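Structure record follows, encoded as structure tokens.
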Amino acid sequence: MTTTWAQRRKERIDDLAGGRSLTSEAMRRLRRDPVAIVGAVIVGLFVVIAVFAPLLAPHGAAESFPELQADLRPGNIPGAQEGFPLGGDQLGRDFLSRMILASQQTLLVGVLATLIGLAIGIVIGTLAGAFGGWIDTVLMRVTDVLLAIPSLLLAISVAALAASPSQTTVIIAVAIVGVPIFARLLRGSMLSQRNSDHVVAATALGVKRPAVVLRHMLPNAIGPVIVQATLTLATAILDAAALSFLGLGDADPGRAEWGLMLAQAQTYLDVRPALAFYPAFAIIVVALGFTLLGESLREALDPKGRR
Amino acid sequence: MTAPRPTPTAEPLLQVRDLRVAFRRRGEPDTLAVDGVSFDVAPGQVVGLVGESGCGKSVTSMAIMRLLPRRGVQITGSVKMDGEELLTLSEAKMRERRGRDLSMVFQDPLSSLNPVVPIGLQITEVLRRHRGMDKEKARQAAVDLLDRVGIPDPRRRVTAYPHQLSGGMRQRVMIAIALACRPRLLIADEPTTALDVTIQAQILELLKEMVAETGAALIMITHDLGVVAGLCETVNVLYGGRIVERAQRHRLFGTPRHPYTHGLLRSIPRLDAAAGEQLEAIPGSVVDNLPWAHACAFQPRCPRSVDRCVEVTPEAENTGGRLLRCFNPVPASAE
Ligand SMILES: Nc1ncnc2c1ncn2[C@@H]1O[C@H](COP(=O)(O)OP(=O)(O)OP(=O)(O)O)[C@@H](O)[C@H]1O
Ligand SMILES: [Mg+2]
């Protein structure tokens, strides 16, 4: 009897002392949420395809094939055939390969733009929320102005300012759209941290100001911002596709990009609607995946849902 | 059980003089939360600050620690530690002193610990800051401290997060952190209020041991006279932001002179009371305070009030080591 009690007690202590953080508890709850699983599967598939695109794609993005070009006439674009499961596009290139390779562009642009926007937003939000006063006022007025402009319009304006359209201008434009959202959100939760008990307690122990801000305030304030980043990935992908669609993206005709492919397919809508359908579908599904994942992440990290 | 303490010397460790804290809000009259509080704390002494909710105990302690926001708060008077004025000290110098010379334990141990940082790191952070320890040394010191405050299996607990500990454990951790750098003054603001009764007794015992061991002076803030009875040498009774009575513990409990103190003591349930005997409650609450201007703030609730109580503000008078602010005190032979 005594051994079992001792064992049980030890297990309980092990369990308690295991150092399980709030994040790992959130992970556990995520695994039980069907919405999170659907989102994670979509995002996971997309990331795998994008990362391994050069290996997965049977052909290059700019490669034209005589067998596809042979039947290419106004009013006819060849469909699926031996070796080309999705058929060819308006220039006789392998459509499947272009679809796969385009995912890489989307991931790259979406992730880079979000990360850049996140980094700048975190710096601005931390400064504004931790120091307040005129720093706060100035920074928040600037973000107010940015927020007042509809996001796509802002992205278009920034991209249009560039001397020549390129992938870099798309990334910068989409990043700038995200900055005020992250900054505002972080500032708000930093402010609520400022008067929280543990921040006052840390101050009462003489912890230096930078350590109070970076160790005691920021990690407790950043949760909502990380969730927002997942959601912003979805809009970043949509915005980037829109910019390409409008011709503000990469000018290289050889490069495959869903937004650009969609734009070019417009001309052949009655001839071969699949050329427009697949890129549009891909954009929507990927954006949906990130949204589902982001929303369930937000719920999992919500302290009210914690037991 | 009481360890020998240094006898009060001429030079107090902490000297609070005429401390006033006013909260000002635009378009509203100022709220005087602390209205001229003065007291001394000798090295190693345990001083109680007692009073009901809203009487200004926390604001007093926050003012001493300089933890009140600068905006909208006006603090006047003087708080001297080792003869050095704290209220005018630069923020950087004050940060040097906090945690090293004077430290604080708060009421709610869960919200006072950083939820995303393991407890060990929260101890080593302070040690490294004030004692200049390297990482490994600080870690060892943290384990020792956790062991000292009675955390079982401290070597593993250093990696635990606050939410994985029970309330009592958390408060033990808070005490360990607050005393990590051996401050000479510890302010404990209702450190047991959030805990259940059995744990309360343990934590009080621990606090008592720890201040005796480190030689720290302690300002014990509480609304619970039971806590004061077992701990404090000198007790200050606060009402409406002013001290209404101060005496040595035995004298205060034996012969309370201020009607408020008297009422507080009478409202504690006693085991030796006859069955069915009613507890005496003090009517009203602090909310319907009159200000101290031209009257005694306790007068509306006072069973012994006389005409003068609504005409003149009673001054604090020191007679035979007892401070009393009352025109018609309870006779010394009442108990
Ligand atoms: N930030 C603030 N702004 C305005 N008034 C305040 C503020 N903080 C405290 N007060 C007022 O100061 C008075 C004293 O508050 P304090 O927190 O010191 O009470 P307390 O004695 O610690 O009570 P408790 O036992 O409930 O902790 C209260 O009347 C309160 O309304
Ligand atoms: Mg209080």
Side-chain angles (χ1 to χ4, degrees), chain A residues 6 9-26 28 130-134 136-137 189-226 301-303 306-307, chain B residues 61-62 65-69 71 91-92 94-123 125-126 128-130 151-166 169 174 177-178 180-181 183 187 189:
Chain A
R9 189 169 169 278
K10 176 135 185 7
E11 272 164 27
R12 169 123 180 90
I13 290 174
D14 285 356
D15 190 32
L16 286 173
R20 206 170 52 218
S21 68
L22 297 179
T23 346
S24 64
E25 260 173 41
R28 260 193 343 180
F131 296 102
W134 65 268
D136 183 27
T137 312
S189 57
M190 286 293 277
L191 278 183
S192 67
Q193 283 293 314
R194 208 151 63 156
N195 296 320
S196 74
D197 286 356
H198 72 266
V199 169
V200 174
T203 311
L205 292 163
V207 177
K208 281 186 179 165
R209 188 79 189 143
V212 170
V213 171
L214 295 179
R215 182 176 299 155
H216 295 273
M217 291 171 68
L218 190 56
N220 285 293
I222 204 145
V225 181
I226 299 301
L301 286 170
D302 185 356
R306 200 172 285 149
R307 290 139 303 142
Chain B
S61 61
M62 300 284 271
M65 295 290 296
R66 288 254 314 263
L67 289 174
L68 292 168
R71 279 169 121 215
E91 185 56 31
M94 193 64 207
R95 274 180 194 279
E96 283 289 325
R97 283 194 152 233
R98 288 193 202 115
R100 195 191 66 198
D101 293 337
L102 70 172
S103 191
M104 195 160 172
V105 175
F106 294 87
Q107 175 172 338
D108 184 348
L110 178 57
S111 60
S112 303
L113 288 164
N114 186 342
V116 301
V117 175
I119 56 169
L121 199 72
Q122 301 191 47
I123 305 180
E125 176 178 41
V126 184
R128 296 182 66 185
R129 157 89 164 108
H130 292 303
I151 306 277
D153 203 2
R155 202 163 291 282
R156 312 211 16 210
R157 289 297 168 99
V158 288
T159 60
Y161 290 86
H163 72 280
Q164 295 169 331
L165 304 178
S166 68
M169 290 290 170
M174 283 301 297
I177 296 176
C181 297
I187 303 177
D189 188 354

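Labels below follow one simple rule: chain letters A, B, ... track the order of the sequence lines, proteins then strands, and each chain is numbered from 1. What you see is a predicted model, and the numbers here were worked out from it, not measured in a lab.
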Less than 4.5 Å to any heavy atom of chain A: does that hold for the side chain of B:L113, its backbone, both, or neither? backbone
Does any N or O in the side chain of A:D197 come within less than 3.5 Å of the main-chain N or O of B:D108, such that one atom is a donor and the other an acceptor? no
Taking every heavy atom of B:M62 against every heavy atom of A:V200, the minimum-distance pair comes out as CE-CG1, 3.9 Å
Is B:I119 in contact with chain A via its backbone, its side chain, both, or neither, using a 4.5 Å heavy-atom distance? neither
Heavy-atom donor-acceptor pair, B:R129 side chain to A:G206 backbone, under 3.5 Å: yes
Smallest separation among heavy atoms of B:R98 and A:A204, with atom names: CB-O, 3.5 Å
Ignoring hydrogens, what is the shortest heavy-atom contact between A:A201 and B:S112? Give both atom names and the distance. CB-O, 3.4 Å
A side-chain contact here means heavy atoms from C-beta on lying under 4.5 Å apart; do A:P219 and B:V117 qualify? no
For A:R209, is it the side chain, the backbone, both, or neither that has a heavy atom closer than 4.5 Å to a heavy atom of chain B? both
Where do B:R95 and A:V207 come nearest, in terms of heavy atoms and distance? NH1-O, 2.9 Å
How many angstroms lie between CD in B:Q122 and CZ in A:R215, if you round to the nearest 0.5 Å? 9.5 Å
Choice from A:L205, A:N195, A:T203 maximising heavy atom contacts with chain B below 4.5 Å: A:L205
